[in-house]
Amino acid sequence: MNMAHCPECEAEVALQGLMVGEVLFCPDCNAELEVLNTEQPEVGLAPQVEEDWGE
Amino acid sequence: MNMAHCPECEAEVALQGLMVGEVLFCPDCNAELEVLNTEQPEVGLAPQVEEDWGE
Amino acid sequence: MSRLRVAIVGGSGYTGGELIRLLLFHPHVELTQIASGSRAGHYVHSVHPNLRKVTALRFCHPNDLTTCDIVFLCLPHGASAGEIERYQALAPRVIDLSADFRLRSPELYERWYGAAHRAPELLNQAIYGLPELHRRELAEANLVSGTGCMATAAILGLAPLYRAGLVNRAIPLVVEAKVGSSAAGATPGASSHHPERSGAVRSFQPTGHRHSAELIQELGELSGGEIAQPVAFSATAIELVRGILITAHVFVNEPLEERRLWRVYREAYQQEPFVRIVKERNGVYRYPEPKILVGSNYCDVGFEYDAEQQRVVVMAALDNLMKGAAGNAVQALNCMFGWDEVTGLSFPGLHPV
Amino acid sequence: MSRLRVAIVGGSGYTGGELIRLLLFHPHVELTQIASGSRAGHYVHSVHPNLRKVTALRFCHPNDLTTCDIVFLCLPHGASAGEIERYQALAPRVIDLSADFRLRSPELYERWYGAAHRAPELLNQAIYGLPELHRRELAEANLVSGTGCMATAAILGLAPLYRAGLVNRAIPLVVEAKVGSSAAGATPGASSHHPERSGAVRSFQPTGHRHSAELIQELGELSGGEIAQPVAFSATAIELVRGILITAHVFVNEPLEERRLWRVYREAYQQEPFVRIVKERNGVYRYPEPKILVGSNYCDVGFEYDAEQQRVVVMAALDNLMKGAAGNAVQALNCMFGWDEVTGLSFPGLHPV
Amino acid sequence: MSRLRVAIVGGSGYTGGELIRLLLFHPHVELTQIASGSRAGHYVHSVHPNLRKVTALRFCHPNDLTTCDIVFLCLPHGASAGEIERYQALAPRVIDLSADFRLRSPELYERWYGAAHRAPELLNQAIYGLPELHRRELAEANLVSGTGCMATAAILGLAPLYRAGLVNRAIPLVVEAKVGSSAAGATPGASSHHPERSGAVRSFQPTGHRHSAELIQELGELSGGEIAQPVAFSATAIELVRGILITAHVFVNEPLEERRLWRVYREAYQQEPFVRIVKERNGVYRYPEPKILVGSNYCDVGFEYDAEQQRVVVMAALDNLMKGAAGNAVQALNCMFGWDEVTGLSFPGLHPV
Amino acid sequence: MSRLRVAIVGGSGYTGGELIRLLLFHPHVELTQIASGSRAGHYVHSVHPNLRKVTALRFCHPNDLTTCDIVFLCLPHGASAGEIERYQALAPRVIDLSADFRLRSPELYERWYGAAHRAPELLNQAIYGLPELHRRELAEANLVSGTGCMATAAILGLAPLYRAGLVNRAIPLVVEAKVGSSAAGATPGASSHHPERSGAVRSFQPTGHRHSAELIQELGELSGGEIAQPVAFSATAIELVRGILITAHVFVNEPLEERRLWRVYREAYQQEPFVRIVKERNGVYRYPEPKILVGSNYCDVGFEYDAEQQRVVVMAALDNLMKGAAGNAVQALNCMFGWDEVTGLSFPGLHPV
Ligand SMILES: NC(=O)c1ccc[n+]([C@@H]2O[C@H](COP(=O)([O-])OP(=O)(O)OC[C@H]3O[C@@H](n4cnc5c(N)ncnc54)[C@H](OP(=O)(O)O)[C@@H]3O)[C@@H](O)[C@H]2O)c1
Ligand SMILES: NC(=O)c1ccc[n+]([C@@H]2O[C@H](COP(=O)([O-])OP(=O)(O)OC[C@H]3O[C@@H](n4cnc5c(N)ncnc54)[C@H](OP(=O)(O)O)[C@@H]3O)[C@@H](O)[C@H]2O)c1
Ligand SMILES: NC(=O)c1ccc[n+]([C@@H]2O[C@H](COP(=O)([O-])OP(=O)(O)OC[C@H]3O[C@@H](n4cnc5c(N)ncnc54)[C@H](OP(=O)(O)O)[C@@H]3O)[C@@H](O)[C@H]2O)c1
Ligand SMILES: NC(=O)c1ccc[n+]([C@@H]2O[C@H](COP(=O)([O-])OP(=O)(O)OC[C@H]3O[C@@H](n4cnc5c(N)ncnc54)[C@H](OP(=O)(O)O)[C@@H]3O)[C@@H](O)[C@H]2O)c1
Ligand SMILES: [Zn+2]
Ligand SMILES: [Zn+2]
């Protein structure tokens, strides 16, 4: 299984079909993730501007 | 079948188990009905105060 | 029986989201593709949070769609007709929820939508997807059109009177629609900003509302040709997310009794699984109301007669995303494939809510 | 000038509470007595919590009222007429917000209210207290009637067209009112229970609504006698506490241009302090809406013309407790005493709200 | 397998109505009797209008109930315990949604409810019917208690932290609940009159709220005995019909990372069919909200960590009539009879709504 | 006395619009300039429709502002400090409603707002414009800061307890705010789209809310230095346009009686024109609620004591655009110029609404 863990929430994230540098989302915490390694499955948080969320 | 018709909306109203003078409700228009006859199934509108319904 | 593979285009919108919800629980289909241009790659539940833990599907890009058995289009009007060839190439059956294929006449379309139709040759193949009126045609159809949410309420409310020939055609037909905010779709704007929209009672289309065209077409057909009277249709946006109530004033051409109307409506709708006659002498809910229909596929219809004026006030209520859009589309789907018409549509609505 | 001493009967209700709020800030009157049968002895702010720290007045019992300069009656219909002698004995001037003295004809009253009037001899002394139509008569009046909240909106919206003789009397007039919950007064019941009433779109009087009678009387008068067409008035209760919008469909007897309508409405209302014409081509608030009128005495009026059908859609909005009741009564009071008509009524409404 | 015959007492109320809706679609039960003292003889749909055309059942009088397999009690607190013998004689299994059998200790009951319990001998037979905590005991139970709607949200939100031993017991636990109007039941009154209740943000129980007792009991048990800290529970009624959000502030006894909390919550709820962890970095719905849960049986749980203060803010949302009452009771029923726990509870909630 | 000439910058926003409404009726000022970058040239009533027929003013561009006696800044935070020199050059007195000049310490600012302050040298000249705490300093001030809407409620609710030295500083202070949609300003977005925002109970800042900083500063000052306990402030957006309720849990350092609390609060607020103590044993409105404060400048404060836990629950309510922003700014203006503090602020709020 080509599984990495989300650095934010540790959810399992499937990497099949993705290449290093591609972007995906965490199914649990919706963090934007970047594939860092597919051999030793690893993802990092994609650089993200903190959305202003109002109020 | 022991069926009468609602005088308000003509819905079929089942009278089984009821006696003359008993009250029931029309399944379609919710009129309060009184059993008038069970041999020749017949119901009439029960005397009703018009509810004030607001606004 | 193996499940039909279904794709939804426009899945990030409101009718698309509702369709996803329904089809995920439909026993005869498998929802395999959900397209969104703006949210491709994202989980469906990131847009439709009710579906968290219900599905792990992600949006694909509309350009990445592959062939399947049936495609639902949940796009802004104009967008379906513009690419209908492409969508028809994806699947043998297409159900389009937009307004693009509702009218049978290109002239009528151009008059109400202000632009020439982009696929006029398909207009007379497309079926107006209201099962109560076109059930049989749906069984054969390859291109089915969804129905306008307010039009659906008005047509279902008025059809029995027109079919029975009771309407005085010398007098205009007035239909006033009250409608919630979800009917305007998922795109934010100044007028949908909560502090501005909340508590609104806002006339957004006092004259010339496009749903008039559907009324004119469908009621006309029931009357054997054309509806001869002016149709005055106005719509008011009120504080509500889901729901429509239409109130119509119809003058009849002979004195009646209410029982006659009961008979006319009962004949039309007694066998219909999703139309209910609501007309009670007591209680809080005496006439149709959209409140209790949230999430359900019912259209509730009621009437009251004014003997002095020979006038019938007709009321009809529904959930615009259900019987007014996605629910009705699933009902049409059931008709197309000969499945029990209520399949996947049994949620009865809530009380209180 | 010394202040007039004013009493309010029915001060624990909604129109009564609104009058208290207004009169406490009115520079020419002193509010000396506020009667309530059920709350006698209690502080006014125990019922109307907005008035805490504003007034230390307490309710008295209606039977304990003493003479003063003017009495406002804020009672259920029937209750004013039943005791009108007693109230007229308390003060030389009476303003009655109920429906008891709105109609000039006892027959008309009996037909719409289903019971003989209890003081028919007073009906032709009473003035229908709408300053825009009866300003001059108010200056002389000793018995003034408040106006129906929905009727006020409809009459102000339609009066210019009737006065100008534009209306095609062969075609019925359809008026659909949308109305908030405060219009039904302060008494709780099954249908006003929050879980049932919240989010409602409830037809509560599809035919035979009593406010029709006021329309028929007032618009008839403007048309030189009688309004010859059927008046189809229906009312729908929506999610809203304060506010009314009426939407009316009027067919005119000759082709027009919108500019003509602008002229007709401008002529009628340019000088009116509390009627505004709202008809914008841009922006969020293009037509009248009650939302921004909460607490204000405005009636906003707008229109749109359908050239093809020779039809005008008229919209009119107001706050039912203000221009639809207490605010209008204060405006009438100002007319009766020759004060500047806007005295005590300057609150402009809020945005957003 | 033949269907179990089920009776509901208190079927004219809100939790009763919701149970009817659920059980009518439950494949393993047949709803045979629905009792109401005030509406006996009336059709169920005359009170619960969503059920028109769904069931033709009528209410019977509570005194006319006959024996069956299981009885649900949906009565005001006090009414169940007072007649529990009679109800237990009707069926071998009883599920009581009121507060009467939630606390195991008669002393605790008396302290919070201000009266001696009327069937104290049954208290330690009754199971607190929250499947997430008492799933196994439910399989054996003959008397099952429903759970408090706000208590359910608070307990499910906080249980993982207490079970993991993370809570600093030297610091009070503060829980603030926001709740809709249906939580107060179907009886109208002055404070539920729509013009008064609409738009309210009303503190109705700043101190001494009875749901505290359930928290103390259940969280205490998870902590191996007793919850040692003061529990400060306050509740605010807001503009909403269905729904609860609780916000709790918990101080932890060691520095953490959010990932640790993720692990704790995931361990607790990953396998739970009706608890979802909601904590998103983007989008509109980042934390639990009751809006999208209307009609569903989910309890959504989320958290945020304040490193500086060693504080966790816990949020939990549910529909008070579903996971907070009837839905949870059906889930408990499924546990009692060994059925798939989600049977009859698959409606996922709506978006938008 | 000639009227002061006033300019508003940010007049197309919500606090700006409210200020316009208030200042148009203020007897001592003349509103001469209203700036908006996006709406320059448009009539004020095209954005704030309540002001139609009230003013014929048009927006000017911020760059076209000319000198006057006083300038109000109603800008997003950051925008005031960035151009404060320019604004101070326009008028000798500036009132800034943003968060830019609320904190006296540049370090505190940077910590909570995540960026260095752009005019740190002005921070100790600026007065925190809450008249109840800084009335005397306002009389001398040239730069006055508006106050955070939730902070205002929390500070006014809690100040008496801190000033009286009753608070147990060993226990965290928990403050939960419930807030309406207008608090987020006039810019539309995905989360303010009506179908998404309507009926929301949305945690938007569970930890780290910036208003905490104001609480810490102001309550600290009242406590002679620094507030020694953790401040746990969370905010929940609810279905409401205008209004805030805060609920705070305060543990006290000795056993009390409620009478003691009555004395403490009465002493603090009896003479205050805009703070009312609300704590009733009967009726519908027993504690502070924002509903009846819409449009008014009151902050209502109430409390309840839990003897067993030595805990006070404090509730405080206000209209975020009034006492939480524009109304409070006008009150501060009145203080600055020695006018009667209630000038222009007499609107008492509505009931029902
Ligand atoms: N809302 C109702 O109550 C209702 C009722 C009956 C019928 N309808 C009709 O149903 C249709 C959809 O309405 P809605 O309310 O669901 O609208 P919506 O919420 O605005 O959603 C429209 C969807 O279409 C996608 N889209 C936009 N332009 C597109 C294009 N050129 N090609 C492909 N996809 C495109 C958008 O997603 P991406 O940008 O992510 O691709 C969006 O998800 C409309 O035609 C409407 O008239 C709506
Ligand atoms: N609400 C509106 O929007 C509106 C608009 C225009 C006109 N109106 C008319 O104004 C009148 C008052 O309406 P409302 O909404 O204020 O009603 P409400 O809230 O129900 O108040 C009616 C008041 O009348 C008192 N009352 C009842 N019976 C009485 C009697 N026999 N003698 C003396 N007092 C009696 C009641 O107080 P106690 O029991 O404490 O005495 C109560 O305070 C009605 O006639 C209504 O049609 C209302
Ligand atoms: N509402 C919620 O969100 C919620 C959530 C969790 C738990 N609960 C609990 O569930 C129970 C029911 O709540 P609810 O909201 O459904 O209340 P409800 O709407 O007020 O209904 C209560 C029902 O009980 C019946 N009833 C009253 N007194 C009775 C008696 N002495 N014997 C038999 N029947 C009687 C009433 O009907 P008739 O008068 O027609 O007999 C009514 O149908 C309460 O104990 C409540 O605490 C409620
Ligand atoms: N809303 C509340 O309840 C509340 C309460 C207390 C304090 N506040 C504070 O008051 C301030 C204003 O809030 P609001 O709710 O009124 O905001 P808003 O509705 O968003 O309005 C902000 C206004 O500022 C203008 N603006 C934006 N950027 C600008 C710039 N760089 N230079 C000049 N003008 C600019 C905008 O108008 P144009 O684009 O047309 O120029 C807009 O009219 C904020 O700092 C807020 O924190 C708000
Ligand atoms: Zn993650
Ligand atoms: Zn009938």
Side-chain angles (χ1 to χ4, degrees), chain D residues 14 17-18 20-22 24-25 39 42-43 45-55 180-182 185-186 188 198-199 239 241-243 269-270 272-278 280 282-286 288-289 291-296 298 300 319 321-322 346-353, chain F residues 14 17-18 20-22 24-25 39 42-43 45-55 180-182 185-186 188 198-199 239 241-243 269-270 272-278 280 282-286 288-289 291-296 298 300 319 321-322 346-353:
Chain D
Y14 285 162
E18 194 71 350
I20 299 170
R21 174 178 77 80
L22 294 171
L24 284 172
F25 292 91
R39 308 285 303 175
H42 287 263
Y43 284 98
H45 67 71
S46 74
V47 174
H48 304 300
N50 55 328
L51 300 180
R52 175 186 295 274
K53 224 170 180 168
V54 174
T55 180
S181 60
S182 66
S198 170
E239 176 58 52
V241 172
R242 285 183 181 230
Y269 294 134
Q270 195 148 34
E272 282 299 338
F274 292 117
V275 186
R276 303 187 293 197
I277 306 171
V278 178
E280 304 236 345
N282 303 294
V284 172
Y285 297 86
R286 303 184 186 191
E289 297 200 21
K291 178 180 163 71
I292 55 155
L293 301 179
V294 166
S296 95
Y298 291 113
D300 283 352
D319 176 340
L321 294 177
M322 286 295 301
S346 62
F347 180 71
L350 299 164
H351 172 252
V353 69
Chain F
Y14 286 162
E18 193 72 350
I20 300 170
R21 174 178 76 80
L22 293 171
L24 284 172
F25 292 91
R39 308 287 302 177
H42 286 264
Y43 284 99
H45 67 70
S46 74
V47 174
H48 304 300
N50 56 327
L51 300 180
R52 176 186 295 274
K53 224 171 181 166
V54 175
T55 180
S181 60
S182 65
S198 169
E239 175 59 52
V241 172
R242 286 184 181 228
Y269 293 133
Q270 194 148 33
E272 283 299 337
F274 292 117
V275 186
R276 304 187 292 196
I277 306 170
V278 178
E280 303 234 347
N282 304 295
V284 171
Y285 297 86
R286 302 184 188 191
E289 297 200 21
K291 179 180 162 72
I292 54 154
L293 301 179
V294 166
S296 96
Y298 290 113
D300 282 353
D319 176 340
L321 294 177
M322 286 294 300
S346 62
F347 180 71
L350 298 165
H351 173 250
V353 68

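Numbered from 1 within each chain, the chains take letters A, B, ... in sequence-line order. FYI, side chains are in, hydrogens and waters are out, and symmetry mates aren't considered; it's all heavy atoms of this structure.
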Worksheet item: So, do F/P352 and D/L321 sit near enough that their side-chain heavy atoms are less than 4.5 Å apart?
Response: yes
Worksheet item: Is any side-chain heavy atom of F/Y285 less than 4.5 Å from a side-chain heavy atom of D/N50?
Response: no
Response to the item:
Counting heavy-atom pairs under 4.5 angstrom with chain F, the leader among D/V353, D/V294, D/D319 is D/V353
Worksheet item: With respect to chain F, which residue among D/N282, D/V47, D/V284 yields the maximal number of heavy-atom pairs within a distance under 4.5 Å?
Response: D/V47
How many angstroms lie between [atom1] in [X] and [atom2] in [Y], if you round to the nearest 0.5 Å?
X      : Y      : atom1 : atom2 : value
D/L350 : F/E18  : CG    : CD    : 5.5 Å
D/H351 : F/R242 : NE2   : CZ    : 9.0 Å
F/I277 : D/R52  : CD1   : CZ    : 9.5 Å

Practice prompt. Identify which part of F/L24 has an atom lying under 4.5 Å from any heavy atom of chain D, answering side chain, backbone, both or neither.
Written response: neither
Practice prompt. Determine yes or no for a side-chain-to-main-chain donor-acceptor pair under 3.5 angstrom, with D/K53 supplying the side chain and F/V275 the backbone.
Written response: yes
Item to complete: Could you pull out all residues at least two apart from F/H45 that satisfy ring-ring contact (aromatic ring centres under 6.0 Å, His included)?
Response: F/Y43
Worksheet item: Which pair of heavy atoms, one from D/F25 and one from F/P348, lies closest together, and at what distance?
Response: CE1-CG, 3.7 Å
Worksheet item: With respect to chain D, which residue among F/G199, F/G295, F/P49 yields the maximal number of heavy-atom pairs within a distance under 4.5 Å?
Response: F/P49
Worksheet item: Looking at F/S346, F/G17, F/G243, F/S296, which makes the most heavy-atom pairs under 4.5 Å with chain D?
Response: F/S346
Worksheet entry | Residue part contacting chain F, namely of D/L293, when any heavy atom lies under 4.5 Å | neither
Item to complete: Tell me, please, which residues at least two apart from D/R276 pass side-chain hydrogen bond (donor to acceptor under 3.5 Å, both in side chains).
Response: D/D300
